[in-house]
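The first residue of the sequence shown is numbered 1, and numbering continues consecutively from there. As the structure is a prediction and not an experimental result, all values here were calculated from the model.
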Amino acid sequence: MIKVLITGATGQLGGAVIDELIAKKGPAGISALVRDLSKAGKLKEKGLDLIQGDYNDYNSLVSAFKSIDKLYFVSGSDVLNRSKQHENVVRAARAANVGHIIYTSFQRKTDDSSSPIAFVASAHILAEKLIKESALPYTILKHALYADIVPSFMGDNVIKTGAIYLPAGSGKAAFTSRTDMAHAGAAVISGNGHENKTYEISVNKSYSFSDVAAILTGLSGKQISYTAPDAYTFSKAMSQAGVPEAGIQVMVSFCKAIARGEFDFPDSTLEKLIGRKPESLSDFLKKTYKL
Ligand code: NAP
C-alpha cells in the first residue's frame, strides 16, 4: 500500500486534503504529521496514523519521513522564519528518500526583491529550488491567492457599508478557494503522472476589486463601490481606525502585489485535476456573506 504523509494536517489546507483523500479512498495508508499530538484528537478519530514532527526539528522530520511514498508538504506559516524550516523539510525528505514530494508553493510574477511580497515569496522560491536540486520526484503546486482572504481584506461589514477600500488599483488576481486547492492536492496524491511537474492551481478567470464590487452588488441588490486609495492614504486611514501596524503592512504589500498583477495567472489545470468546475468567486462570496 502507498504510504502518504500530509503535513500541516491540523491546519485548514492539510485538513481539507485529508478529508478529500478519505472521501475518495478511506484513511488506509494516510498519516498526518503533527507537531503537537495533543492537538490532533480529531485526526486520530478519522483513523489516521499520527506522526510527530516539527519543521524546526530536522531529526524529527527524518524519522517521520521514513518509508513515505508521497509527502504533501504544506509551506510553513511562520513567514519570518520559514526559510530554515523549508530547508529542514526538503533535506529530511532527501535523507529519508521520500518517493514523491508535493509542495504547496504560490503564484507570482516576480522572483526578485522588487516584489512587494518578496518577504512571502523568498521561502517558496528557496523550497522550489531545494526540491529541484534534491533530485526527488516532485510536484510543485503554485497556489493562487486564496479566495478566503478576500473577505478578510474587505471586512465583515462590506455589505452594510457598501464600500470596498483597498490600495489594489485595477489589478486582477485569480482568487481560488482553499478547498478546491486541497482537492487538487488530493488528486495529485492519488493520481499518476504528476512527477516533476509544476502546476498553476487557480480558477480560469482573474478578478479586480471593481469586479468583486460588481459581484457583491449583483448578489446583495445593494450598490457596493470600490475605491482604490494610494498606499499612504490607505495606511493613514487604517492607522486612524486602530488597525495594528503589522496588519496594515501585510495588507498594503498584498494589495500592491495585486495592483502589479503578481497573482494574475488564471489557468485550467485545477479544473482538469479535480474533474469539475472550481468554485467561482461569486459562489464563494455568496456563501461567505450568506447572500
Ligand atoms: P493554517 O490553517 O494556519 O495551518 C498551518 C499548518 O502548518 C498547521 O497544521 C500548523 O500546525 C502547521 N505548522 C506550522 N508550523 C509548523 C512547524 N514548525 N512544524 C510542523 N507543522 C507546522 O494554514 P492554511 O490556511 O492551512 O494554509 C497553509 C499554508 O498556505 C500556510 O502555512 C501558508 O504558507 C500558505 N498560505 C497561502 C495563502 C494564499 O493565499 N496562497 C494564504 C494563507 C496561507 P499547528 O496546528 O501545530 O500550528
For I22, all residues meeting side chain to side chain contact (heavy atoms under 4.5 Å, CB included), sequence neighbours excluded | I18, P27, I30, K46, L48
Test side chain to side chain donor-acceptor pair (under 3.5 Å) applied to T139 and K197, E195, H100, the passing residue = H100
Residues two or more places apart in sequence or in another chain: which of them pass side chain to side chain contact (heavy atoms under 4.5 Å, CB included) with S220?
-> I159, K222, I224, L291
With S115, which residues qualify under side chain to side chain contact (heavy atoms under 4.5 Å, CB included), at least two apart?
-> T110, I117, A118, E262
Short N-O contact, E271 and R276, less than 4.0 angstrom | no
Do side-chain atoms of S152 reach the backbone of I149 as a donor and acceptor pair under 3.5 angstrom?
-> yes
Trace of the side-chain contact (heavy atoms from CB on, under 4.5 Å) decision for Y199 with L273 | CA-CA 10 Å; Y199 295 140; L273 282 171; 4.2 Å; yes
For A231 and K256, which heavy atoms make the closest approach, and how far apart are they?
-> CB-CE, 3.9 Å
Please tell me if the side chains of Q85 and S77 come closer than 4.5 Å, counting only heavy atoms from C-beta onward.
-> no
Electrostatic pair D148-R178, nearest N-O below 4.0 angstrom = yes
State, yes or no, whether a side-chain contact exists between V212 and I164 at a heavy-atom distance under 4.5 Å.
-> yes
Shortest non-hydrogen contact from A121 toward F106 | CA-CE2, 3.7 Å
Would you indicate whether D78, at its atom CG, is surrounded by more than 12 heavy atoms from other residues, nucleotides or ligands within a distance under 6.0 Å?
-> yes
Side-chain touch R108/F265, heavy atoms, less than 4.5 angstrom = no
Please lay out, stage by stage, how D69 and V98 fare under the test side-chain contact (heavy atoms from CB on, under 4.5 Å).
-> CA-CA 6 Å; D69 299 301; V98 158; over 6 Å; no
Backbone of A174 reached by a side-chain donor or acceptor of S202 within 3.5 Å = no
Taking the six-membered ring of Y289, is NZ or CZ of K287 closer than 6.0 Å to its centre and within 45° of its axis?
-> no
Return all side-chain donor-acceptor pairs below 3.5 angstrom for residues 87-95, not counting sequence neighbours, or 'none' if the list is empty.
{"from": "N88", "atom 1": "ND2", "to": "Y55", "atom 2": "O", "distance (Å)": "2.9"}
{"from": "R94", "atom 1": "NE", "to": "S134", "atom 2": "O", "distance (Å)": "3.3"}
{"from": "R94", "atom 1": "NH1", "to": "N97", "atom 2": "OD1", "distance (Å)": "3.4"}

Just wondering, do F284 and P151 contact through their side chains at under 4.5 Å, heavy atoms?
-> yes
Taking the side chain as every heavy atom from C-beta outward, state whether L71 and I6 have any atom pair closer than 4.5 Å.
-> no
Verdict with supporting geometry, N204 and D267, side-chain contact (heavy atoms from CB on, under 4.5 Å) = CA-CA 4 Å; N204 63 7; D267 198 272; over 6 Å; no
When Ile, Leu, Val, Met, Phe, Trp and Tyr are grouped by side-chain heavy atoms lying under 4.5 Å apart, directly or through other members, which residues fall in the same group as V62?
-> Y58
N/O donor-acceptor pair under 3.5 Å between T217 side chain and A213 backbone | yes
Report yes if some heavy atom in the side chain of Y72 is under 4.5 Å from a heavy atom in the side chain of I101; otherwise report no.
-> no
For S206 and D264, does a side-chain donor sit closer than 3.5 Å to a side-chain acceptor?
-> yes
For the pair S282 (side chain) and I215 (backbone), establish whether a donor and an acceptor sit closer than 3.5 Å, ignoring hydrogens and angles.
-> no
Straight-line distance of Y207 OH to L145 CG, nearest 0.5 Å | 13.5 Å
Is the number of heavy atoms from other residues, nucleotides or ligands under 6.0 Å of K109 NZ greater than 12?
-> yes
Of all heavy-atom pairs between A32 and L43, which one has the smallest distance, and what is that distance?
-> CB-CD1, 4.0 Å
Sidechain-backbone polar pair: K142 side chain, S105 backbone, donor-acceptor under 3.5 Å = no
Hey, does the side chain of S177 reach the backbone of E279 with a donor-acceptor pair shorter than 3.5 angstrom?
-> no
Spatial distance of atom CD1 (I131) from atom CG (L136) [nearest 0.5 Å] = 8.5 Å
Ignoring hydrogens and angles, state whether a donor on the side chain of S268 or K272 is under 3.5 Å from an acceptor on the partner side chain.
-> yes
Any ring pair (Phe, Tyr, Trp, His ring centres under 6.0 Å) pairs touching residues 131-167, not counting sequence neighbours?
-> Y165-F234
Heavy-atom closest contact (I125 atom, D111 atom, distance) | CD1-O, 3.3 Å
Side chains of E200 and T269: donor-acceptor distance under 3.5 Å anywhere?
-> no
R35-Q52 side chain donor-acceptor pair, cut-off 3.5 Å | no
Mark yes or no for whether Y226, through its side chain, and L166, through its backbone, hold a donor-acceptor pair below 3.5 Å.
-> yes
Between V243 and I248, which heavy-atom pair has the shortest distance, and what is it?
-> O-CD1, 3.3 Å
Kindly compute the distance separating CD (Q249) from CD (E245), expressed to the nearest 0.5 Å.
-> 5.0 Å
side-chain contact (heavy atoms from CB on, under 4.5 Å) between V203 and F175, worked out = CA-CA 7 Å; V203 292; F175 299 111; 5.9 Å; no
What one should report as the nearest heavy-atom pair of G185 and L141 is CA-CD1, 4.0 Å
Quick one: sort the H124 and H86 rings into parallel, tilted or perpendicular, breaks at 30° and 60°.
-> tilted
Is any side-chain heavy atom of I51 less than 4.5 Å from a side-chain heavy atom of L5?
-> yes
Can you check whether D283 reaches K277 side chain to side chain, under 4.5 Å on heavy atoms?
-> no
Is a side-chain donor or acceptor of D230 paired with a backbone partner of T233 at a separation under 3.5 angstrom?
-> yes
